[in-house]
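I have placed the structure first, in the form of structure tokens, so that the comments after it can refer back to it.
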Amino acid sequence: MTARDALRAAAARFAFSDTPRLDAELLLAHALGITRERLLLTLDDRDAPPGFAALVERRARHEPVAYITGRRGFWTIELAVAPGALIPRPDSETLLEAASACLGERTPARVLDLGTGPGTLLLAALAEWPGATGLGVDRSDIALDQARANADALGLTRRAVFARGDWGAGITERFDLVLANPPYVATDAALPDEVRCYEPAGALFAGEDGLDDYRVIAPQLPGLLAPGGIACVEIGADQGESAAALFRAAGLAAALRRDLAGRDRCLVLTA
Ligand code: GLN
């Protein structure tokens with residue numbers, strides 16, 4: 001089958017996805033071992049390779065594209081991703097935008113990423129601020145293995161340390177920038193199958209109202225911020241008020257930032 005026909009047929013099977021055509025292009029590029037850009041420039045000269053059909057079957061069962069290709073672009077970096085850690089989402093780039101906007105010309109010397117998963121926020125921050133070093137904490141050893149491998153692949157091993165932990169518990173150091181994308185989905189919330197059936201529940205769900213992990217993190221945060229430090233914490237689109245109230249109760253000032261879709265997505269917290 002020509003690549004063009006194969007893409008059309010594959011995209012038609014991905015109607016459940018927000019991005020059926022993009023999904024098909026990423027899978028075909030992966031099957032061919034080339035970038036999507038290269039594929040699009042050479043589409044008319046190619047046929048779909050034999051391995052493509054199996055990738056289409058996996059996606060048709062709602063498996064996330066990033067778990068099939070094993071890679072996901074985030075901010076300015078590309079990360080290896082695999083089951084057991086949350087796939088980086090463009091929404092989370094809001095935290096880096098917020099941090100850049102608040103820091104202005106300042107470079108954070110020390111960065112903490114609470115719930116780092118495959119290293120997403122910490123490694124993006126270290127790529128953004130070449131003078132920074134940081135600590136990534138997660139309670140999942142699978143995630144920490146992925147994070148360390150990503151740091152290695154990105155040449156950031158000497159600037160990133162990853163450690164097993166329970167949010168900020170036991171951390172005595174203070175940081176110029178704290179980033180966190182904790183679980184914030186209510187236990188009974190409707191999620192797409194590709195999220196609920198494939199991504200780790202421990203990275204998604206946070207009790208009946210989705211606020212359980214903020215209840216733990218909020219009282220720890222003042223003790224984790226260096227003088228002049230800021231924290232950028234991801235929230236669900238309906239948690240602007242409820243999550244902010246928890247951080248304000250811990251004595252912090254909270255400002256809200258929206259993602260590119262205009263939804264509440266990030267709290268910027270200062271002492
Ligand atoms: N935004 C994610 C989703 O609903 C949730 C990520 C999280 O809980 N931190 O897919």
Side-chain angles (χ1 to χ4, degrees), residues 14 16-19 22-23 59 62-68 72-75 79 81-99 112-125 136-140 142-144 146-147 165-168 178-218 220-221 231-244 246-247 256-269:
F14 303 157
F16 60 89
S17 169
D18 287 340
T19 52
L22 173 63
D23 296 359
R59 181 62 182 142
H62 296 216
E63 186 171 344
V65 172
Y67 283 162
I68 301 173
R72 176 71 159 209
F74 180 80
W75 197 242
L79 295 151
V81 293
L86 194 78
I87 296 167
R89 288 150 162 71
D91 299 343
S92 304
E93 294 176 347
T94 308
L95 276 64
L96 289 152
E97 283 170 3
L112 172 65
D113 180 8
L114 294 173
T116 192
T120 307
L121 291 168
L122 179 61
L123 297 175
V137 173
D138 209 285
R139 68 181 156 198
S140 158
I142 298 174
L144 290 169
Q146 293 184 26
D166 178 17
W167 302 124
V178 178
L179 300 166
N181 176 17
Y184 54 71
V185 178
T187 320
D188 64 356
L191 282 183
D193 279 354
E194 62 183 296
V195 178
R196 185 180 283 277
C197 303
Y198 288 92
E199 294 193 84
L204 293 168
F205 299 108
E208 246 171 65
D209 58 4
L211 298 169
D212 277 4
D213 291 280
Y214 301 128
R215 291 190 179 95
V216 178
I217 295 167
Q220 297 173 340
L221 210 43
C232 299
V233 176
E234 185 163 332
I235 55 165
D238 58 353
Q239 293 170 330
E241 285 310 313
S242 53
L246 292 169
F247 288 99
L256 193 58
R257 283 186 76 100
R258 300 208 162 92
D259 62 23
L260 289 176
R263 291 169 304 216
D264 292 350
R265 185 60 58 199
C266 172
L267 291 177
V268 179
L269 305 158

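First listed ligand is number 1; within each ligand, the first listed atom is number 1.
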What do you reckon, does Glu234 have a nitrogen or oxygen under 3.5 Å from a nitrogen or oxygen of ligand 1? no
Polar atom proximity, Arg265 to ligand 1 (N or O, under 3.5 Å): no
Any idea which protein heavy atom is nearest atom 1 (N) of ligand 1, and the distance to it? Tyr184 OH, 3.0 Å
Below 4.0 Å from ligand 1: does a non-hydrogen atom of Ala189 turn up there or not? no
Within the distance-only criterion (no hydrogens, no angle test), does the side chain of Gln146 pair as donor or acceptor with the backbone N or O of Ala82 below 3.5 angstrom? yes
Side-chain donor or acceptor of Arg258 paired with backbone N/O of Arg265 under 3.5 Å: no
Per-atom contacts, ligand 1 versus Pro182 - under 4.0 Å to a heavy atom: 7 (C), 8 (O), 9 (N)
Could you tell me whether Glu199 approaches ligand 1 through its side chain, its backbone, both or neither, with non-hydrogen atoms closer than 4.0 Å? neither
Per-atom filter on ligand 1: closer than 4.0 angstrom to a heavy atom of Val185 are 5 (C), 8 (O)
Quick check on contacts: which atoms of ligand 1 are under 4.0 angstrom from a heavy atom of Pro183? 8 (O)
Among all the protein's non-hydrogen atoms, which is closest to atom 3 (C) of ligand 1, and how far away is it? Arg89 NE, 3.6 Å
Quick check: does Leu191 get an N/O under 3.5 Å from an N/O on ligand 1? no
Look at ligand 1 and say whether Ala203 reaches it with a heavy atom at a distance under 4.0 Å. yes
Identify the two heavy atoms, one from Cys266 and one from Ala98, that lie closest to each other, and give their separation to 0.1 Å. SG-CB, 3.9 Å
Over 60° means perpendicular and under 30° means parallel, so classify the ring planes of His62 and Phe16, tilted if in between. parallel
Is there a donor-acceptor pair closer than 3.5 Å between any side-chain N or O of Arg139 and the backbone N or O of Gly202? yes
If you take all heavy atoms of Leu122 and Gly136, which pair is closest and at what distance? CD2-N, 3.5 Å
Tell me which one of Pro118, Pro64, Pro90 satisfies side chain to side chain contact (heavy atoms under 4.5 Å, CB included) with Arg72. Pro90
Checking salt bridge (Lys or Arg N to Asp or Glu O under 4.0 Å) for the pair Glu199/Arg89: CA distance, chi angles, key distance, verdict? CA-CA 12 Å; Glu199 294 193 84; Arg89 288 150 162 71; 2.7 Å; yes
So, the side chain of Asp138 versus the backbone of Leu144: is there a donor-acceptor pair under 3.5 Å, distance only? no
Is the shortest distance from a heavy atom of Leu204 to ligand 1 less than 4.0 Å? yes
Which part of Ala206 is near ligand 1, with near meaning a heavy atom under 4.0 Å away: side chain, backbone, both or neither? neither
